[in-house]
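Working notes, beginning with the structure itself.
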Protein chains: 2
Amino acid sequence: MSGESTQVRDREATSGRILAAARTLFAEHGYERVTVRMIASEAGANVALINRYFESKARLFAHVLVGESAMRSVIEGDPEGLPRRLAAHMAHRLSAGASDPIVRVIDRAGTSPEIRAVLRDRVESALTEPLRRHLPGPNARERAMLATSIILGGGSLRRVLGPESLREADPGFLEERLTAIFTACLAGPADGARTPAP
Amino acid sequence: MSGESTQVRDREATSGRILAAARTLFAEHGYERVTVRMIASEAGANVALINRYFESKARLFAHVLVGESAMRSVIEGDPEGLPRRLAAHMAHRLSAGASDPIVRVIDRAGTSPEIRAVLRDRVESALTEPLRRHLPGPNARERAMLATSIILGGGSLRRVLGPESLREADPGFLEERLTAIFTACLAGPADGARTPAP
DNA sequence: ATTTGTAGTAGACGCCCGTTTACATGTCAA
DNA sequence: TTGACATGTAAACGGGCGTCTACTACAAAT
């Protein structure tokens, strides 16, 4: 194998920096407002390398989008505690400034037709479908979509009202309310109108 | 007064057509992806008139944003029935293809810095503040913001998954679930964990 | 030492953006 | 009828966009 000494010319390292820069910038400003020159500058790479390694800006966005998301581990687990896990995760995101990059990228992606398909697929595969699989009873898909819309709504609120908008809210209060909200849309028909409290 | 015969040169009519075209296009494609030339073409007007009558694209967007919203009449009324009114309105919007233009414009506005302030002000004045005013009890602002995020989340879902995504869902089912959801985030501390069913 | 292939670079290409300027045209008061 | 002013128009401006091409520089194989 070739030496792993300090390489200045390293395709993997460079494309990795490009990908990381794209992830950060797309999450911050959205797909449309981020230029390939911004990404290249942030990554310390030449603009042409983006098209060489990722073919186009849209394909680079697709690579960013399929990155790992913290939502997977939140959704998996016992369905009983799913509403509370979602609520805790989202309350934490709303309270802290930071948030799941993937969800932010989705929220700020915009309406460009060249990324619409991959965007929809990612929301399906990362949120709606995993949620649906963990829901017993009828109307599982509709309930999963309601929960998806609430998750996305948190991102929209943050985008519009700013990251500080819910910083001063009591995290415990948020978690309790969100638990009730997620319970209301996720619960099966038997306990659909029941309170989540023990 | 001047005659109201068929006038070809009519500032009010022309600027009105520009405003209407902008409203439609911004709601459909978002602020960033709509060009002033698209608006002018749709309005049957010259591009330069946009800047003459509205000063800039951003100010035109601001004019669009302060238009009337159907949400006002939904929020006003007895606080008791507020969750159900919000749920019925949103269920109707999700089921039908059409939706409140203002909410769509907000959802698709994007992240352009030149419209961030007016966007935030409009969400506050059209959604968060009216909701807060109608909520008794503590944490009224936090509860109003949760409801705002759910309203915006419906728009995000529609934007990402497409207008057909919830067309085949039972409107009655959606309304019931959304009533429970809005109740969960809007209810006062006394009945915060109670079911909305009679 | 020379060849070969790949990583990286500079710059241009064609296009579209929001905005502005200079000008034509219609309307109405004097 | 003639001027003044408001309305509408065509064309250009400067700039940024994603992408592509021609080129250099370097590392490894011959």
Side-chain angles (χ1 to χ4, degrees), chain A residues 1-22 25-26 29-64 108-116 118, chain B residues 1-22 25-26 29-64 108-116 118:
Chain A
M1 58 194 73
S2 61
E4 47 190 348
S5 63
T6 317
Q7 278 190 264
V8 193
R9 299 158 61 93
D10 187 333
R11 178 193 179 109
E12 252 185 85
T14 303
S15 65
R17 287 202 317 276
I18 291 174
L19 195 61
L25 290 169
F26 283 146
H29 304 107
Y31 176 78
E32 286 153 353
R33 293 201 58 82
V34 171
T35 72
V36 289
R37 286 173 176 84
M38 288 169 63
I39 298 171
S41 172
E42 178 80 11
N46 190 278
V47 202
L49 295 181
I50 292 180
N51 290 284
R52 177 176 298 180
Y53 294 152
F54 297 96
E55 193 171 349
S56 70
K57 183 190 176 188
R59 306 265 290 193
L60 170 60
F61 180 80
H63 273 89
V64 165
R108 312 194 174 202
T111 59
S112 298
E114 69 259 33
I115 59 165
R116 182 162 293 181
V118 67
Chain B
M1 60 194 70
S2 59
E4 47 190 349
S5 62
T6 318
Q7 278 190 264
V8 193
R9 298 162 63 93
D10 187 333
R11 178 192 178 109
E12 252 184 84
T14 303
S15 64
R17 289 202 316 277
I18 291 173
L19 195 60
L25 289 169
F26 283 146
H29 304 108
Y31 176 77
E32 286 154 353
R33 292 202 59 82
V34 171
T35 71
V36 289
R37 285 172 176 85
M38 288 170 62
I39 297 172
S41 171
E42 178 80 10
N46 190 280
V47 202
L49 295 182
I50 291 181
N51 289 283
R52 178 174 297 177
Y53 293 152
F54 297 95
E55 192 171 351
S56 69
K57 183 190 176 188
R59 307 263 292 191
L60 171 59
F61 180 81
H63 273 89
V64 165
R108 311 193 175 204
T111 58
S112 298
E114 69 259 32
I115 59 165
R116 183 162 292 180
V118 67

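Note on naming: letters A, B, ... go to the chains in the order of the sequence lines (proteins, then strands), and numbering restarts at 1 for each one.
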Requested in this report: Dump the intermediate steps for side chain to side chain contact (heavy atoms under 4.5 Å, CB included) on Thr14(B) and Arg11(B), then the final yes or no.
Outcome: CA-CA 5 Å; Thr14(B) 303; Arg11(B) 178 192 178 109; 6.0 Å; no
Please give, in whole Å, the distance from [N] [atom2] to [X] [atom1]?
| X | N | atom1 | atom2 | result |
| --- | --- | --- | --- | --- |
| Ile50(B) | dG18(C) | CD1 | P | 9 Å |
| Leu25(B) | dG18(C) | CG | P | 12 Å |
| Asn51(A) | dC13(C) | CG | C1' | 14 Å |
| Glu32(A) | dG18(C) | CD | P | 12 Å |
| Phe54(A) | dG8(C) | CZ | P | 12 Å |

Query raised in the report: Among side-chain atoms of Thr111(B) and Arg116(B), is any donor-acceptor pair under 3.5 angstrom?
Result: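 Distance-only check fails for Thr111(B) and Arg116(B).
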Report task. Quick one: do Arg33(A) and Glu32(B) satisfy side chain to side chain contact (heavy atoms under 4.5 Å, CB included)? Show the steps, please. Result -> CA-CA 8 Å; Arg33(A) 293 201 58 82; Glu32(B) 286 154 353; 2.9 Å; yes
Report task. Mind listing the closest non-hydrogen atom pair of Ile18(A) and Ile39(A) along with its distance? Result ->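 So the minimum-distance heavy-atom pair works out to O-CG2, 3.8 Å.
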Report task. Please report the shortest heavy-atom distance between Arg17(B) and Gly44(B), naming the atom on each side. Result ->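 The pair with the smallest heavy-atom distance is NH2-O, 3.5 Å.
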For nucleotides 6-8 of chain D, list the nitrogen or oxygen atoms of the protein found under 3.5 Å from its nitrogen or oxygen atoms, one pair per line.
residue	atom	partner	partner atom	Å
dA6(D)	N3	Arg9(B)	NH2	3.0
dT7(D)	OP2	Arg11(B)	NH1	3.0
dT7(D)	O4'	Arg9(B)	NH2	3.2
dT7(D)	N1	Arg9(B)	NH2	3.3
dT7(D)	O2	Arg9(B)	NH1	2.8
dT7(D)	O2	Arg9(B)	NH2	2.6
dG8(D)	OP1	Asp10(B)	N	3.2
dG8(D)	OP1	Thr14(B)	OG1	2.7
dG8(D)	OP2	Tyr53(B)	OH	2.6
dG8(D)	N7	Arg52(B)	NH1	2.8
dG8(D)	O6	Arg52(B)	NH2	3.1

**Report entry** Glu114(A): partners by salt bridge (charged side-chain N to carboxylate O under 4.0 Å, His left out), with sequence neighbours left out
**Finding:**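 Partners of Glu114(A) under the salt bridge (charged side-chain N to carboxylate O under 4.0 Å, His left out) test: none.
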Query raised in the report: For Phe26(A), is the NZ or CZ atom of Lys57(A) found under 6.0 angstrom from the centre of its six-membered ring and inside 45 degrees of the ring axis?
Result: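 Here Lys57(A) fails the 6.0 Å and 45° test against Phe26(A).
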Anything under 3.5 Å between a protein N or O and an N or O of nucleotides 12-17 of chain D, put it in a table, one pair a line.
residue	atom	partner	partner atom	Å
dA12(D)	N6	Arg37(B)	NH2	3.2

Query raised in the report: How far does CG of Leu60(B) sit from CD1 of Ile115(B), to the nearest 0.5 angstrom?
Result: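 With rounding to 0.5 Å, CG (Leu60(B)) is 11.5 Å from CD1 (Ile115(B)).
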